[in-house]
Number of protein chains: 2
Amino acid sequence: MPEPSDAAPAPAEPSLEEQIAAYQREFQDLDPQVEQIVSALQRLNRRMNVAYGRQTATLGMSNAEWEVLKALVVSGAPYQLGPGELAKRLGLTPAAMTHRIDRMASEGLVTRERDETNRVRVIVELTHEGREKWLEAMRMATVFEEELLQDLSGRERQLLGEALTHLLRRVEDTQPDAEGRLNDLN
Amino acid sequence: MPEPSDAAPAPAEPSLEEQIAAYQREFQDLDPQVEQIVSALQRLNRRMNVAYGRQTATLGMSNAEWEVLKALVVSGAPYQLGPGELAKRLGLTPAAMTHRIDRMASEGLVTRERDETNRVRVIVELTHEGREKWLEAMRMATVFEEELLQDLSGRERQLLGEALTHLLRRVEDTQPDAEGRLNDLN
DNA sequence: CCTGAAGACTTCAACACTAAAGTTCGAAGC
DNA sequence: GCTTCGAACTTTAGTGTTGAAGTCTTCAGG
């Protein structure tokens, strides 16, 4: 029987600090401060999406479906958008949107019908049930988000929000969209 | 010909500000400051992933493959990990990892071989070419990241990094992993 | 030994997404 | 009015992922 201590070192999932130390070790001219920001951002976003996924799962839907509900609600009454517009806002192809709407319509979250004034168009409309689901998800999400930020003072929140908004504006200016798929991890 | 102004209002992709205003309109008790942080974080992360995707594409690989290279590099010399361990670190199922390693091995980025001391295990090892690809991707990524953060002072970067790290720690404590798939948008 | 159980990876079937081709409708020219 | 073109959506083929079942190896008993 081998020594339990040095046989299989058990790789151990690297913490953020370990990961940044590894990057510095393997890549000389790295600014650890920049890397900390970027890596923390990515890990945080990932964890948050997992948490949202757990919440939406308790409502019997996926994050993907929640995204559609969000887009429709944000569009405002009468909560109608076309598949193409939805696809653009979610960063999907129209083909994927077709199938996603199929599922959601069969679950009663949205309705799909032809626009009778222009029969090329299709109108996807939020149902009452869809709106209720969105509200429930929103309640859970805001509780989670408030809990997440609970240690930050109002001042800290303001600074964080401003910094992130500034970075977002910068990346939007620098990378003029040109349609961005995503569905990638990280 | 209809008036161009009021016929089709052209939904217009909502900006961050418009999205938050819509949330407030549709959901009464919402803290706009919290929502700004969360929404900016999500949008920023998404845009960054699209940017990384463009960069890795110029190297003839996908973000998915880059993730594997990163995990191997972070593990340190001799840059070896098993499929199961890789899957856990990337948040994929072992099945997906098998196929991803297939592709990467056929592209020469990694090698796959049985561990002769324990023939149940498989060892995935970074090749020289894989390491070079990682280095090139890293060079491009750091340029992009530095450019992204260029308007922030050292002090601002420090505060941002601390805030994000704190939030990450909080979410890691609150949501004890329990394996998290992701592959979801936003 | 031989058997049974557990672990690590792979295979298989189902599903979601992308890219490209196809369909349908509306509008503009002739 | 017929044709052509473009717009909006759907269909099809191929890829990547999940969950479950299967295979192979090791280890512990009997």
Side-chain angles (χ1 to χ4, degrees), chain A residues 1-2 4 7-8 10-11 49-50 53 57 61-68 80-107 110 112-124 178-186, chain B residues 1-2 4 7-8 10-11 49-50 53 57 61-68 80-107 110-124 179-186:
Chain A
M1 158 182 161
N49 282 340
V50 171
M61 62 180 179
S62 67
N63 272 352
E65 294 175 326
W66 189 31
E67 292 297 320
V68 176
Q80 297 177 339
L81 287 173
E85 181 64 24
L86 277 169
K88 194 159 41 166
R89 297 193 184 195
L90 301 198
L92 298 176
T93 58
M97 209 59 232
T98 294
H99 297 309
R100 203 180 273 194
I101 292 167
D102 284 348
R103 296 192 293 276
M104 293 181 69
S106 73
E107 291 165 0
V110 301
R112 154 198 273 157
E113 60 184 79
R114 292 223 159 259
D115 180 347
E116 288 306 329
T117 71
N118 181 345
R119 297 185 43 73
V120 171
R121 289 176 181 275
V122 169
I123 296 176
V124 177
E179 77 218 50
R181 301 280 158 274
L182 179 47
N183 309 23
D184 221 2
L185 36 91
N186 207 346
Chain B
M1 161 183 163
N49 282 339
V50 171
M61 63 180 178
S62 66
N63 271 352
E65 293 175 327
W66 190 33
E67 292 297 320
V68 177
Q80 297 178 339
L81 287 174
E85 181 63 23
L86 278 169
K88 194 160 42 167
R89 296 193 185 195
L90 301 197
L92 297 175
T93 59
M97 210 58 231
T98 294
H99 297 311
R100 202 180 274 193
I101 291 167
D102 284 348
R103 296 193 292 277
M104 294 181 69
S106 74
E107 291 165 1
V110 300
T111 58
R112 154 199 272 155
E113 59 184 81
R114 292 224 159 256
D115 181 347
E116 288 305 330
T117 71
N118 181 346
R119 296 184 42 73
V120 170
R121 289 177 183 276
V122 169
I123 296 177
V124 177
E179 78 217 52
R181 301 281 159 274
L182 180 48
N183 309 23
D184 223 0
L185 35 92
N186 210 341

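Values reported hereafter were calculated over all heavy atoms of this structure, with side chains retained and with hydrogens, waters and symmetry mates removed. Numbered from 1 within each chain, the chains take letters A, B, ... in sequence-line order.
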Stepwise side-chain contact (heavy atoms from CB on, under 4.5 Å) test for L86(A) and R100(A): CA-CA 11 Å; L86(A) 277 169; R100(A) 203 180 273 194; over 6 Å; no
Are side-chain heavy atoms of E67(A) and L92(A) found at a separation under 4.5 Å? no
State which of dT11(D), dC17(C), dT10(C) makes the closest approach to the side chain of L92(A). dC17(C)
Locate the shortest heavy-atom distance separating E65(A) from M104(A); write the atom from each residue and the value. O-CE, 3.6 Å
Nearest-Å distance for atom pair CD/C1', residues E65(A) and dC15(C): 13 Å
Please state how far atom CD1 in I101(A) lies from atom C1' in dC17(C), giving the value in whole angstrom units. 14 Å
Would T98(B) and R112(B) count as a side-chain contact (heavy atoms from CB on, under 4.5 Å) if you check the C-alpha gap in whole Å, the side-chain angles of each, and the deciding distance to 0.1 Å? CA-CA 10 Å; T98(B) 294; R112(B) 154 199 272 155; 4.0 Å; yes
Proximity to the side chain of V120(B) - top-ranked nucleotide from dG7(C), dG19(D), dT10(C): dG7(C)
Please determine whether a side-chain nitrogen or oxygen atom of R103(A) lies at a distance below 4.0 Å from atom OP1 or OP2 of dC17(C). yes
What nucleotide among dT10(D), dG26(C), dT18(C) has an atom nearest to a side-chain atom of P83(A)? dT10(D)
DNA chain C: 5'-proximal contact among M97(A) and A96(B) (nearest heavy atom): A96(B)
Between dC12(C), dT10(C), dT10(D), which nucleotide has the shortest distance from any of its atoms to the side chain of H99(B)? dC12(C)
dT10(C) P sits how many Å from R119(B) CZ, rounded? 13 Å
Taking CG from D102(B) and P from dC12(C), how many angstroms apart are they, rounded to a whole number? 13 Å
Once you round it to whole Å, what is the distance between P of dA8(C) and CG of L86(B)? 14 Å
When rounded to whole Å, the CZ to P distance for the pair R121(A) and dG26(C) reads 11 Å
When we call it a touch if two heavy atoms are under 4.0 Å apart, what does R114(A) touch: a base, just sugar-phosphate, or nothing? nothing
With respect to the side chain of V122(A), which nucleotide from dT17(D), dC9(D), dT18(C) is positioned closest? dC9(D)
R100(A) side chain N/O closer than 4.0 Å to the phosphate oxygens (OP1, OP2) of dC17(C)? yes
Go through the steps to decide whether V124(B) and M97(B) satisfy the test side-chain contact (heavy atoms from CB on, under 4.5 Å), and finish with yes or no. CA-CA 11 Å; V124(B) 177; M97(B) 210 58 231; over 6 Å; no
In this structure, how many angstroms lie between the P atom of dT15(D) and the CE atom of M61(B), rounded? 21 Å
In whole Å, what is the span from the CG atom of N118(A) to the C1' atom of dG6(D)? 13 Å
